[in-house]
Amino acid sequence: MSGTPSVDRVRGGFLAHLDWWFGGGALGPVRRLAAATLVAVGPWIVFVLSLAIISISSAPLLGREGLEDLRLTVTYSFCVAPLAAGPIGLAAAELARQSKEDNLGLPVFDIYGLALVLAGGTSAIIALTIAFAFGIPLSGMGLSFALLCSAAAMLWVCFAVLSAMKLFRPLIGAFLGGILLSVIGTIAAVRLAPSVQLLTMCFSAGLISCVSQSLLSMRAWQSDEPSSFAEVRSLLLEEIWKRRMIGAGVTLALIGIWADKWAFWLSPAGMRSAAGYLHYSRYDSVMFIAHLSMIPTFTAMLMIRETDLARSFKAVQARLQERSNHSSVRRSVDVLTRVAWSGGGKILFIQATIAGMLVLTAPWIARNMSFDFEQFIVLRFALLAVFLYSISYVACIFLLLCGRTRHFLIIQIVFVVANFILSVIFIKTSGFTAYPLFISSLIAAAIAWPVALQSLASYDYLFLLGENESLYALQRPGK
């Protein structure tokens, strides 16, 4: 016991030195960029790392069919999980944010736990439904697929809630700990008894470890007085209903990303793996590379949204709440518009630069990925399509910050419908092509960007009247 203070001093001194080294002028921006990347796209990093580890460690042992089934299990899991976790995680994150910022004293820990159970259970049900529809036996890949879907859905909720609470350090620590456990488990499984089911369980164990560590971080927000299950359920379900338009828009945005892939999977050119998964590997591998190019946009948008944009929006709200004169309010709105223009322009410039570099290096990528000529052409159009999609993404974030949830929902509906219908048409007429994603992204960007700029310019009106939820609040049916 007498040695505990000295150990604490040593640990504290080490962490202080670590913070000093990584908080300086040179490494400070690097640390902030890395942290923002993990927070913004953590689940997708898990997805990418999972596929990379699978390809490197288990390819010689599982064989081509086993490797394909394992990749598709991970792909399907990270396709299904956000669909279930999106609306639930959004509602839980909003309740957690309100409780922290407004000191409402809500049972955040209990709400978080219920959200994890609902998201994980819903995702598992969807996974089992897919397994039944595709004829995937539960004794084989079915149960491990459902477990991985459930773990991935809980991971999405974990990132949503802890990000809303601004618990970035615990989130990053839990994420890195879970990844480390997945890597160790995978290496051990490959050495001892490699199988698709066991490797899937190892990835699931890492994700569940991340969620478990996040629960320990959230214990500080546990209510002093025990809350009844009925109260917690009512709070979460009411928030889901209140945020139904944003939840539907988020779900549709995720569906829109996958709509063209699903069209190819269901087309006559689609293939079926040994386990029963539908896929079209020629298109999937190209789109996987193209979508990776958008990670800097997600990261930069999070950094700007949490700093310059947040301050500008709060400045306008403060002027309105202080009942300042019209010219003072309009000056703050003008500052907000300039900040959004500048931040959004920088993000899109970076994305355009990355897209241009990747288009120029497409021959090298195609050669190293063993793409054929058609895949090389599709890759170039896909990179341009992802750039156009990043324009609509930035614009939609502006719309959500301005409270224009109905416009956000309409844009996502347009994108989903356009992407799927155009995919069906082009598959029948042109075959293997990225034109559907390119055209639908162009349509979404052309609609979203002007509406976003107009919304920013009239944010004072939207905050007071146009999108003031207290003026247009609707009760849940039956209440």
Side-chain angles (χ1 to χ4, degrees), residues 38-44 46 78 80-126 149-172 174-175 178 207-208 210-223 225-254 302 305-306 397 400-401 403 405 408 469 476:
L38 290 178
V39 172
V41 291
W44 294 114
V46 173
F78 281 86
V80 170
L83 301 181
I88 298 171
L90 175 69
E94 186 61 24
L95 287 172
R97 184 193 64 79
Q98 292 175 4
S99 182
K100 182 178 181 180
E101 293 182 357
D102 301 333
N103 198 22
L104 299 179
L106 297 177
V108 174
F109 181 82
D110 299 326
I111 292 171
Y112 178 48
L114 180 59
L116 290 174
V117 173
L118 285 178
T122 304
S123 184
I125 291 172
I126 296 174
C149 279
S150 180
M154 290 190 289
L155 183 71
W156 279 91
V157 174
C158 167
F159 269 79
V161 174
L162 268 68
S163 297
M165 299 281 288
K166 299 191 185 303
L167 300 176
F168 297 129
R169 283 197 175 189
L171 175 60
I172 294 171
F175 171 77
L207 303 189
I208 293 171
C210 175
V211 174
S212 301
Q213 293 175 65
S214 73
L215 282 169
L216 295 177
S217 303
M218 291 289 290
R219 281 191 307 177
W221 295 93
Q222 191 168 6
S223 178
E225 299 180 0
S227 303
S228 66
F229 173 76
E231 177 189 357
V232 175
R233 181 189 62 185
S234 176
L235 283 170
L236 184 58
L237 293 182
E238 287 295 331
E239 191 66 25
I240 291 174
W241 171 255
K242 182 180 177 182
R243 306 287 170 185
R244 62 194 181 279
M245 284 195 180
I246 303 179
V250 169
T251 302
L252 286 172
L254 295 167
L302 174 67
R305 191 181 71 212
E306 294 292 333
I397 293 296
L400 289 176
L401 291 173
T405 55
F408 170 70
E469 292 181 356
R476 188 178 178 184

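The model shown is predicted, which means the values in this text are computed figures rather than measured ones.
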So which atom in [X] and which in [Y] form the shortest heavy-atom distance, rounded to 0.1 Å?
{"X": "Ala93", "Y": "Val161", "answer": "N-CG2, 3.9 Å"}
{"X": "Phe159", "Y": "Ser163", "answer": "O-OG, 2.6 Å"}
{"X": "Val250", "Y": "Gly86", "answer": "CG1-CA, 4.5 Å"}
{"X": "Gly247", "Y": "Leu90", "answer": "N-CD2, 3.7 Å"}
{"X": "Pro170", "Y": "Leu162", "answer": "C-CD2, 4.4 Å"}
{"X": "Leu207", "Y": "Phe78", "answer": "CD1-CZ, 4.1 Å"}

pair [X]-[Y]: side-chain heavy atoms closer than 4.5 Å:
{"X": "Ser99", "Y": "Ile111", "answer": "no"}
{"X": "Leu95", "Y": "Tyr112", "answer": "no"}
{"X": "Ser212", "Y": "Ile208", "answer": "yes"}

Give a yes or no on whether the backbone of Ala230 and the side-chain of Ser234 come within a donor-acceptor separation of less than 3.5 Å.
->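 Not at all, since once roles are kept as given, no pair shorter than 3.5 Å links the two residues.
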Spacing of [atom1] belonging to [X] relative to [atom2] belonging to [Y], to within rounding of 0.5 Å:
{"X": "Phe408", "Y": "Ile397", "atom1": "CZ", "atom2": "CD1", "result": "7.0 Å"}
{"X": "Met154", "Y": "Ile88", "atom1": "CE", "atom2": "CD1", "result": "12.0 Å"}
{"X": "Leu155", "Y": "Ser150", "atom1": "CG", "atom2": "OG", "result": "11.5 Å"}
{"X": "Leu83", "Y": "Leu252", "atom1": "CG", "atom2": "CG", "result": "9.5 Å"}

Show the numbers, then the answer: is there a side-chain contact (heavy atoms from CB on, under 4.5 Å) between Val108 and Met165?
-> CA-CA 10 Å; Val108 174; Met165 299 281 288; 4.3 Å; yes
Salt bridge (Lys or Arg N to Asp or Glu O under 4.0 Å) pairs touching residues 81-93, sequence neighbours excluded, are none
Pair up each side-chain donor or acceptor in residues 113-124 with any protein partner under 3.5 Å, not counting sequence neighbours, and list the distances.
from, atom 1, to, atom 2, distance (Å)
Thr122, OG1, Leu118, O, 2.7
Ser123, OG, Cys149, O, 3.0

Between Leu236, Leu237, Leu235, which is the residue that forms a side chain to side chain contact (heavy atoms under 4.5 Å, CB included) with Arg233?
->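 Passing option: Leu237.
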What pairs with Arg97 under side-chain hydrogen bond (donor to acceptor under 3.5 Å, both in side chains), at least two apart in sequence or on another chain?
->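 For Arg97 the side-chain hydrogen bond (donor to acceptor under 3.5 Å, both in side chains) partners, ignoring immediate neighbours, are Glu94, Glu101.
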